[in-house]
Amino acid sequence: MIAESRWAEGQRKIQLALWEAAERLLASVPLEQIEVMAPTEEGHGDFTSNLAFRLAKALSKAPVKIAAELASGLPSLGLLERVEVAGAGFINFWLNSTWLSDTVSEAVRHPDSFGESASRQERVLIEFVSANPTGPLVVVNGRAAAWGDSLARVMSAAGYDVDREFYVNDAGMQVVKLGHALAIRLEELKGAPLPEPWPEGVYPGEYVRALAQDYAERHGTWKSLGLHAQHWPDLGRWAAERLRAQQEAELLRFGVTFDRWYSEKRLRQEGKPEAVVAKLDERNQLYQAEGARWFRSTAFGDQKDYVVVKSDGGFTYIVPDAAYHADKFARGYDLLIDLLGPDHHGHLSRMRAIMAGLGYSPEKLEMLIIQMVRLLRGGQPVKMSKRGGAFVTLAELMDEVEVDAARWFFVERSSDTPMDFDLDLAEMKTQDNPVYYVQYAGARIHSILAAYASQFADDQQAFDPSLLVAPLEQALIRDVAKLPVVVARAAQQRAPQAMCRYLTEMASHFHAFYRQHRILEEAPDLRRARIELIRGVLVAIQRATAMIGVSVPQRM
RNA sequence: GCGCCCGUAGCUCAGUGGAUAGAGUGACGGACUUCGAAUCCGGAGGUCGUAGGUUCAAAUCCUACCGGGCGCACCA
């Protein structure tokens, strides 16, 4: 539907031209070996190639000489302004500025789709958050939510067919313990004393009190319930569904929705864990020992074999998990991405092993760890302990920090390293806060466009891109033109944080441009050109912020 | 002990095998009669944890070591 971006198209044309030039010098060079890439530094062109270094050995000639020969034989392709040999043998390419500024008009014409790539015909399932339905979402769940949702948006824009899924652990022992906790709180409502000592593993959190209140209001018969273990599973299921719904509402407030909430309970009811064990058995991957059934995970690079069916006949947790992932493949996804919590390091090699044991190709399952979040206030860590029932929830974080700021902070850092979340900084609506820096650029553009619309409502001036010659204008044109490539790259690297850097750089160029140049007071033709430019910049800002779930208000 | 992740400017962090390793922030010095100063412009700040190896080229890949974080149940 969407054509290849002009930027990528230009890159491709240069690559082909270089290939032809190389073929004239050396009998045959595989096209894949010809790299045309973004230079690391300004002043090295729009694209650069290291081809001369690669050919140096085969041609036994100095890279500089090869580069000069390659460069001299290149056609302009209708897009190159100049080609230069630099350093020890790099070939740098500058794009024609008129060709470039046409992409700005392209952005202005397609404000809702600019930056997107054509479909890749690849179905991806991203599973994230998947918090147990035994309590409210906590801050690290927010990190996973922001990061996973942004990755989904970025990959979707890059042409992947993406679904988001939340796996609900509503079947295990945890749910029974939640039911136990609810029973205790119901007894408390009746005036009974709390158990001494508090039973092991039962949720002590305050939120269970609220649930008990709620339960009592909805169930007239609650007073006849005693503290009997046979009631815990039912109470637990009720509470788990309440908490799951609450999690869904909190995520919605955070701007994150899922295509599917996948129930472990249903997975078990449908017999999928049994099917996985049977399949492993068929494939000769199981053996009996010490009264349990073991999986030969060492055959797939794991450290030691582990139990899949316990001596009491129950499954270990890996079995339903494996069944869940097998089911994802069965549903037709080409690629699975899991964002796992910080306590799942040990899970990775096991999951890889068992999926390999089931015959799935390991590179089709990517597992990324979302590392823990430490909240800082006044430079000091805020105490959090789920066990003690005192923790900072995502809802509390949202009460304190705007969603835009929270999401920016979570996405800005790569996922696999622990982060400090500076509450004071995120709350600040000042220059120190990077979110507002970007939003302010958008607000300024909105404000200029509003003034333009009222002062020059009947402007008939045509857009003349050749007037945009100032360095900052050129920088902004390139920023806009690059969006599709930035998105494609962020998707490929699974690195939504690239969007934050892109936005910060573009905003910086815009603010500098704004201080240095006038728009409305200029002659009509230049005014019109700059209006087109900032419209394009606004589109790029809006598109890029949308991909990380951050808004761009018209006024701040 | 084993596994995963991380050591880059005072601090927080980017960095795709390429050129002189970058931002932000802090401290310091400047800029509003202007379409929004929530902004801009300066200079200063580095043995990329250490030591080897691969390569024309290493912060990036490999090995060892040092330092930090997390995880290592027939719990989930």
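The chains referred to below are lettered A, B, ... by the order of the sequence lines, with proteins before strands, and numbering in each begins at 1.
- Listed pair A:Ser508 / B:A23 fails the phosphate criterion, with no side-chain N or O lying under 4.0 Å from OP1 or OP2.
- Pairs of residues two or more places apart, or lying in two chains, never qualify as salt bridge (Lys or Arg N to Asp or Glu O under 4.0 Å) while including a residue from residues 443-456 of chain A.
- Side chains of A:Asp525 and A:Gln461: a donor-acceptor N/O pair is absent below 3.5 angstrom, by distance only.
- Atom pair A:Glu521:CD and B:U33:C1' shows a separation of 12 Å (rounding to whole Å applied).
- Side-chain polar atoms of A:Asn169 and A:Gln174 form no donor-acceptor pair below 3.5 angstrom.
- For A:Gln492, there are no side chain to side chain donor-acceptor pair (under 3.5 Å) partners two or more places apart in sequence or in a different chain.
- Within 4.0 Å of A:His44, counting heavy atoms only, lies at least one base atom of the nucleic acid.
- Base pairing in RNA chain B gives the following stems of 3 or more Watson-Crick or G-U pairs, range against range and under 3.5 Å: B:1-7 with B:66-72, B:10-13 with B:22-25, B:28-31 with B:39-42, B:49-53 with B:61-65.
- The salt bridge (Lys or Arg N to Asp or Glu O under 4.0 Å) contacts involving residues 490-510 of chain A comprise A:Glu366-A:Arg494, where partners must be two or more places apart or lie in separate chains.
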Check nucleotides 6-9 of chain B against the protein and report each pair of N or O atoms closer than 3.5 Å, with its distance, or say if there are none.
none

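- Atom NE2 of A:His517 is separated from atom P of B:A31 by 21 Å (rounded to the nearest Å).
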When you compare the protein's N or O atoms with those of nucleotides 54-58 of chain B, which come within less than 3.5 Å of each other, and at what distance?
from	atom 1	to	atom 2	distance (Å)
B:C56	OP1	A:Lys57	NZ	2.5

Given protein heavy atoms under 4.0 Å, the one-letter contact record of nucleotides 70-76 of chain B, with B base, S sugar-phosphate only and - none, is simply BS--BSB
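- Using a 30° and 60° split on the angle between ring planes, A:Tyr287 and A:Trp294 fall in the parallel class, below 30°.
- Heavy atoms of A:Arg501 sit under 4.0 angstrom from primed sugar atoms or phosphate atoms, though from no base atom.
- Contacts of A:Ala441 with the nucleic acid, taken as non-hydrogen atoms under 4.0 Å apart, are absent.
- The side chain to side chain donor-acceptor pair (under 3.5 Å) test applied to A:Lys61 returns A:Glu69, not counting sequence neighbours.
- As judged by a 4.0 angstrom heavy-atom cut-off over every strand, A:His509 is placed among residues making no nucleic acid contact.
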Discussion item. One pair to check against salt bridge (Lys or Arg N to Asp or Glu O under 4.0 Å): A:Arg528 and A:Glu532. What are the steps and the verdict?
Written reply: CA-CA 6 Å; A:Arg528 178 66 187 85; A:Glu532 186 80 358; 3.1 Å; yes
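- When the P atom of B:G36 is taken as reference, atom CD of A:Gln554 falls 14 Å away, rounded to whole Å.
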Check against salt bridge (Lys or Arg N to Asp or Glu O under 4.0 Å), A:Asp420 and A:Arg374: CA-CA 5 Å; A:Asp420 287 337; A:Arg374 207 166 55 139; 2.8 Å; yes
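- Minimum heavy-atom separation, A:Pro342 to A:Met372: CB-N, 3.9 Å.
- Around CD of A:Gln554, the count of heavy atoms belonging to other residues, nucleotides or ligands within 6.0 Å does not exceed 12.
- Atom CZ of A:Arg515 and atom C1' of B:G42 are 15 Å apart (whole Å).
- Nucleotide B:C13 holds its P atom 13 Å from the CZ atom of A:Phe421, rounded to whole Å.
- A:Gln439 has its CD atom 12 Å from the P atom of B:U39, to the nearest Å.
- Residue A:Phe90 places its side chain closer to B:A19 than to any other of B:C35, B:A14, B:A19.
- Within residues 487-500 of chain A, the residues that place at least one heavy atom under 4.0 Å from RNA chain B are, in residue-number order, A:Arg489.
- The pair A:Asp281-A:Arg293 meets the salt-bridge criterion, since a charged nitrogen lies less than 4.0 angstrom from a carboxylate oxygen.
- Anti is the conformation of B:C40, whose glycosidic angle sits further than 90° from 0.
- Taking the charged nitrogens against the carboxylate oxygens, A:Lys272 and A:Asp327 do have a contact shorter than 4.0 Å, which makes a salt bridge.
- The line from CD1 of A:Ile541 to CD1 of A:Ile445 is 4.5 Å long, rounded to the nearest 0.5 Å.
- For the side chain to side chain contact (heavy atoms under 4.5 Å, CB included) test, residues two or more places apart in sequence or in another chain that qualify with A:Asp338 are A:Glu127, A:His325, A:Lys328, A:Leu340, A:Leu365, A:Met367.
- Within the 4.0 angstrom heavy-atom criterion, no nucleotide atom of any strand lies near A:Ala88.
- Rounded to whole angstrom, the span from the CG atom of A:Leu51 across to the P atom of B:G17 amounts to 18 Å.
- For B:U39, neither phosphate oxygen OP1 nor OP2 lies less than 4.0 angstrom from any side-chain nitrogen or oxygen of A:Tyr436.
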Output, in order, the C-alpha distance, side-chain angles, deciding distance and verdict of side-chain hydrogen bond (donor to acceptor under 3.5 Å, both in side chains) for A:Gln15 and A:Arg12. CA-CA 5 Å; A:Gln15 187 194 23; A:Arg12 184 77 183 167; 3.2 Å; yes
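- At a cut-off of 3.5 angstrom, the base of B:U39 holds no donor-acceptor pair with the side chain of A:Arg444.
- Among the protein residues, A:Asp305 comes within range of no part of the nucleic acid, since none of its heavy atoms lies under 4.0 Å from any strand.
- In this structure, A:Glu35 atom CD and B:A19 atom C1' are separated by 15 Å, rounded to whole Å.
- Comparing B:U60 with B:C48, their C1' atoms are spaced 10 Å from each other, to the whole Å.
- Remark: A:Arg413 is not in phosphate contact with B:A14, judged by side-chain N or O atoms under 4.0 Å from OP1 or OP2.
- Between B:A44 and B:G3, the two P atoms lie 45 Å apart (nearest whole Å).
- Look at A:Tyr440 and the base of B:G36; the rings do not stack under the cut-offs of 5.5 Å between centres and 30° between planes.
- Where A:Ala38 and A:Ala443 each meet RNA chain B at their nearest nucleotide, the meeting point lying more 5' is that of A:Ala38.
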Could you give the side-chain donor-acceptor pairs of residues 46-56 of chain A under 3.5 Å, partners two or more places apart or in another chain?
from	atom 1	to	atom 2	distance (Å)
A:Asp46	OD1	A:Arg478	NE	2.3
A:Asp46	OD1	A:Arg478	NH2	3.4
A:Asp46	OD2	A:Leu95	N	2.8
A:Asp46	OD2	A:Arg478	NE	3.3
A:Asp46	OD2	A:Arg478	NH2	2.8
A:Thr48	OG1	A:Ile91	O	3.4
A:Thr48	OG1	A:Asn92	OD1	2.7
A:Ser49	OG	A:Glu35	O	2.8
A:Ser49	OG	A:Leu51	N	3.2
A:Arg54	NH2	A:Glu35	OE2	2.6

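- If you check every strand for non-hydrogen atoms under 4.0 Å, A:Ser414 touches sugar and phosphate atoms only.
- Salt-bridge formation is not detected for the pair A:Arg237/A:Glu241: no Lys NZ or Arg NE/NH1/NH2 atom is positioned less than 4.0 Å from an Asp or Glu carboxylate oxygen.
- For B:A51 and B:C4, the P atoms lie 25 Å apart once the distance is rounded to whole Å.
- Annotation: side chain to side chain donor-acceptor pair (under 3.5 Å) contacts of A:Gln542 (sequence neighbours excluded): none.
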